[in-house]
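The structure appears below as structure tokens.
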Amino acid sequence: MVFSTVRAVYCAVLILQVVQAAIALQFLCPDGVHTASYLSCCNLYPVLEDIQTNLFGGGQCDEAAHESLRLTFHDAIAFSPSLTRQGKWGGGGADGSVLVFDAIETAYDANDGIADIVKEQKTYVAKHNISPGDFVQFAGAVGVSNCPGAPRLQFLLGRPPPILPAPDGLVPEPFDNVTSILNRFADAGFSSEEVIALLASHSVASSNDIDPTIAGAPFDSTPYTFDSQVFVEVQLQGILWPGTANNEGEVLSPLEGEVRLQSDHDLARDPRTACSWQSFVNNQTKMQTEFAAAMAKLAVVGQDTSLLVDCSEVIPIPGDFTGSAYLPAGKTMDDIEQACDTSPFPSLIADTGPATSVPPSGPICHRDLPERCINDHLDNNCSDASTSSLVTPKRGLKAGASSQRIGNSSLAPIFAAGKPKASPSLTQSHLSSSGKLKASPSLTHSHSHSDIQANAERTTQKRRQEHNSSSSQAGPSKKSRTSGHVTMTASMSSAAPLAERLRPRSLEEFIGQPHLTGPDSLLMNLMKSGLTGSMIFWGPPGCGKTTLARLLAKHTDAVFKELSATDSGISDVRAVADEAKGLLKLTGRRTVLFLDEVHRFNKGQQDIFLPFVEQGIIQVNRVLSLCHYVFD
């Protein structure tokens with residue numbers, strides 16, 4: 001009897017070991033480097049390397065990562081069993097229809113702002129021959145893995161291609177009331193607790209379009225870390241509008257520079273969801289666990305999971321977060337609007353220092369202006385008075401509205417915007433203890449007004465002589481010269497402002513900043529050695545930033561490219577970088593990118609330069625004008 005029992009135990013242990021060995025079985029991928037539980041998962045490693053390098057800027061928690069996370073929701077939640085029961089098309093769920101039928105789905109109001117990431121992702125789908133539904137969810141899981149504190153999300157492979165576009169009206173929006181939001185999610189199979197868990201994504205998100213004057217403003221004060229700070233700050237009393245007032249889908253914010261969505265505000269205070277919201281405060285483990293579970297469910301909405309294989313091992317392991325939630329400096333527990341009636345709000349310690357102001361991820365002046373307004377805005381020391389009458393309100397801005405809650409917006413309450421892009425490049429020396437940006441001293445001119453005026457007169461006379469000489473030789477034909485990226489004809493030149501006509505065309509004509517342009521200055525010595533590298537030119541308007549950057553570029557053997565942040569975007573920078581990469585491989589020549597008015601780019605947009613500069617593909621000369629604060 002004893003021996004029979006021992007034999008049975010031995011057999012059970014042996015069977016368990018065999019099962020464990022089978023579970024642990026790994027296949028060596030064709031690349032000879034990676035292993036996977038399923039051979040089909042091996043195909044994901046080249047995709048992973050490609051998007052981490054080229055889409056996510058070298059594995060950053062950047063704008064593309066946040067936009068990709070947002071897209072997982074917009075693609076999957078457009079699924080309605082109730083429509084199907086009515087004999088209508090209820091959507092394919094997480095099938096990638098947003099990539100295949102993008103001309104239709106990106107035109108839906110709730111999908112406003114996703115067109116750029118859709119366009120980018122489509123190129124990777126075509127390149128790697130991966131199904132659209134798989135890529136949308138894979139990119140979202142990889143993107144959020146770049147954010148410290150995030151959980152490692154599950155990824156299942158094998159979604160079939162979509163057959164029809166998703167129906168319109170299935171993506172919730174931030175002006176929807178709580179009942180409408182919960183009903184929409186319930187139709188797709190999600191509980192109210194899972195809705196709040198999905199909103200943990202707002203810890204690493206920002207507003208793109210809800211307020212056009214502060215595009216890129218985050219939803220909490222730690223927008224590059226997956227932590228519970230968003231659950232704290234949404235619960236604080238609202239006291240101000242971070243940009244313009246009374247935008248649809250927005251309510252008063254507790255902090256300068258931080259946007260609060262109406263849907264977040266209401267869900268945090270509604271009796272049906274308030275306690276779920278509060279439960280995530282300072283509970284990183286719960287936040288990670290429940291977000292991962294809700295995302296795993298979202299990623300397979302409308303899919304037959306028996307046909308999918310688990311390739312979660314390909315998803316990178318996110319970095320750790322060991323901090324704690326806190327009250328922003330200047331706030332107390334009295335500022336918390338307690339809504340859960342079954343448990344007290346967790347006691348938090350307030351940060352020290354002056355009242356917290358979230359560092360802007362948009363332009364320095366906290367204003368995103370039409371090009372026609374920029375000069376007046378800067379000339380008036382960033383005063384709103386000079387531009388308020390020139391800026392046309394965006395859809396969703398209601399003039400004269402006074403209520404805290406607004407009724408309409410184009411942003412979805414989940415993954416409502418593209419995140420602020422990449423980890424901020426601000427160093428500690430740029431920030432005060434409260435996170436505010438420190439003001440920098442103004443630059444001064446070292447030459448007298450009379451010296452500059454005399455040189456201007458000499459330069460004007462010389463150019464008139466050159467123009468008259470060339471005109472007499474060339475007859476009535478147009479005289480052209482290249483100034484940066486704009487070709488100036490004679491008629492254009494004569495109509496140009498005085499400052500442009502007098503702009504020096506050689507270092508010999510340049511007056512001012514002798515500490516930079518003097519014969520033994522550091523800058524001139526670097527230029528002679530050909531090791532100028534990337535630079536930032538900063539100072540008040542008219543001190544010679546743009547002119548000096550252009551002149552230095554002419555003295556290098558590099559290819560010179562010029563953009564202005566007032567009329568260029570990320571796609572333009574990527575195009576220059578792609579061209580520079582090919583040129584470097586073929587000829588060995590580097591490319592100097594001159595970017596004027598770089599402060600028009602928000603923080604996320606500026607981070608696009610990091611991988612290209614670090615890899616030596618381009619050198620960047622950046623120019624920004626003096627305003628209240630300076631960052632880069």
Side-chain angles (χ1 to χ4, degrees), residues 69-98 101 105 108 110-111 114 131-134 136-138 140-141 144 151 153-174 176-202 263-264 266-267 270 272-277 279-280 286-310 312 412-416:
L69 180 58
R70 179 190 179 198
L71 196 62
T72 63
F73 169 76
H74 281 254
D75 185 54
I77 200 61
F79 179 75
S80 174
S82 64
L83 286 179
T84 303
R85 288 192 294 270
Q86 298 171 32
K88 302 177 182 178
W89 170 241
D95 62 354
S97 64
V98 71
F101 304 102
E105 293 194 32
Y108 297 161
N111 287 340
I114 68 171
S131 80
D134 281 344
V136 168
Q137 299 303 323
F138 182 69
V144 77
L153 298 184
Q154 181 187 58
F155 174 71
L156 303 183
L157 179 71
R159 295 167 185 78
I163 57 174
L164 289 171
D168 193 8
L170 296 182
V171 178
E173 302 197 62
D176 290 339
N177 60 51
V178 173
T179 297
S180 175
I181 293 172
L182 295 182
N183 287 344
R184 172 75 278 275
F185 274 94
D187 181 28
F190 291 85
S191 67
S192 60
E193 289 79 12
E194 289 170 326
V195 172
I196 304 304
L198 287 171
L199 283 170
S201 62
H202 283 187
S263 52
D264 284 358
D266 292 353
L267 285 163
D270 191 277
R272 292 165 289 182
T273 51
C275 291
S276 292
W277 186 280
S279 69
F280 289 111
K286 176 182 173 66
M287 183 177 169
Q288 291 174 328
T289 302
E290 296 195 13
F291 176 71
M295 283 297 297
K297 186 174 179 178
L298 181 73
V300 294
V301 167
Q303 303 300 307
D304 183 352
T305 56
S306 68
L307 302 177
L308 307 180
V309 296
D310 193 341
S312 304
I414 311 293
F415 311 160

Side chain to side chain contact (heavy atoms under 4.5 Å, CB included) for Trp89 and Ile163? Distances and angles first, verdict last.
CA-CA 11 Å; Trp89 170 241; Ile163 57 174; 4.0 Å; yes
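- Summarising the geometry of Lys297 relative to Gly189, their closest heavy-atom pair is NZ-O, 2.6 Å, with the distance given to 0.1 Å.
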For the pair Leu170 and Leu83, evaluate side chain to side chain contact (heavy atoms under 4.5 Å, CB included) and give the outcome as yes or no after the intermediate values.
CA-CA 10 Å; Leu170 296 182; Leu83 286 179; 4.2 Å; yes
Derivation and outcome, side chain to side chain contact (heavy atoms under 4.5 Å, CB included), residues Met295 and Leu69
CA-CA 10 Å; Met295 283 297 297; Leu69 180 58; 3.9 Å; yes
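- A pairwise comparison of heavy atoms in Phe291 and Pro151 identifies CD2-CG, 3.8 Å as the closest pair.
- Rounding to the nearest 0.5 Å gives a distance of 8.5 Å between CG of Asp264 and CD1 of Ile196.
- Closest approach of Glu105 and Asn111 over heavy atoms only: O-ND2, 2.8 Å.
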Any chance you could lay out the side chain to side chain contact (heavy atoms under 4.5 Å, CB included) test for Trp277 and Asp270, step after step, and finish with the verdict?
CA-CA 10 Å; Trp277 186 280; Asp270 191 277; over 6 Å; no
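- Contact between Val301 and Ala76 at its shortest, heavy atoms only, is CG1-O, 3.6 Å.
- Counting only distance, with no hydrogens or angles, the side chain of Asn183 and the backbone of Ser180 share no donor-acceptor pair below 3.5 Å.
- Scored by the salt bridge (charged side-chain N to carboxylate O under 4.0 Å, His left out) test, Asp134 finds Arg159 as partners (sequence neighbours excluded).
- Atom CG in Asp266 sits 8.5 Å away from atom CG in Asn177 (nearest 0.5 Å).
- Within the 4.5 Å cutoff, no side-chain heavy atoms of Leu199 are placed close to those of Phe280.
- The backbone N or O of Ser80 sits nowhere less than 3.5 Å from a side-chain atom of Asp187 that would complete a donor-acceptor pair.
- No side-chain heavy atom of Asp95 sits less than 4.5 Å from a side-chain heavy atom of Pro132.
- Checking side-chain atoms of Tyr108 against main-chain N and O of Ala166 turns up a donor-acceptor pair under 3.5 Å.
- The backbone N or O of Ala141 sits nowhere less than 3.5 Å from a side-chain atom of Gln154 that would complete a donor-acceptor pair.
- Contact annotation: the side chain of Arg272 approaches that of Thr179 to within less than 4.5 Å [non-hydrogen atoms, C-beta and beyond].
- Minimum heavy-atom separation, Thr72 to Gly140: CG2-CA, 3.7 Å.
- Note that OG of Ser97 is 12.5 Å distant from NE2 of His74, once rounded to the nearest 0.5 Å.
- Taking 4.5 Å as the limit, some side-chain heavy atom of Pro172 sits within range of a side-chain heavy atom of Phe73.
- Minimum interatomic distance between Ala197 and Ala294 (heavy atoms only, all atoms of both residues): CB-CB, 4.1 Å.
- In this structure, the side chains of Leu153 and Ser312 stay at 4.5 Å or more apart for every pair of heavy atoms.
- Proximity of a side-chain donor or acceptor of Thr289 to a complementary backbone N or O of Lys286 within less than 3.5 Å is not detected.
- Under a 3.5 Å cut-off, the side chain of Thr273 and the backbone N or O of Leu267 do form a donor-acceptor pair.
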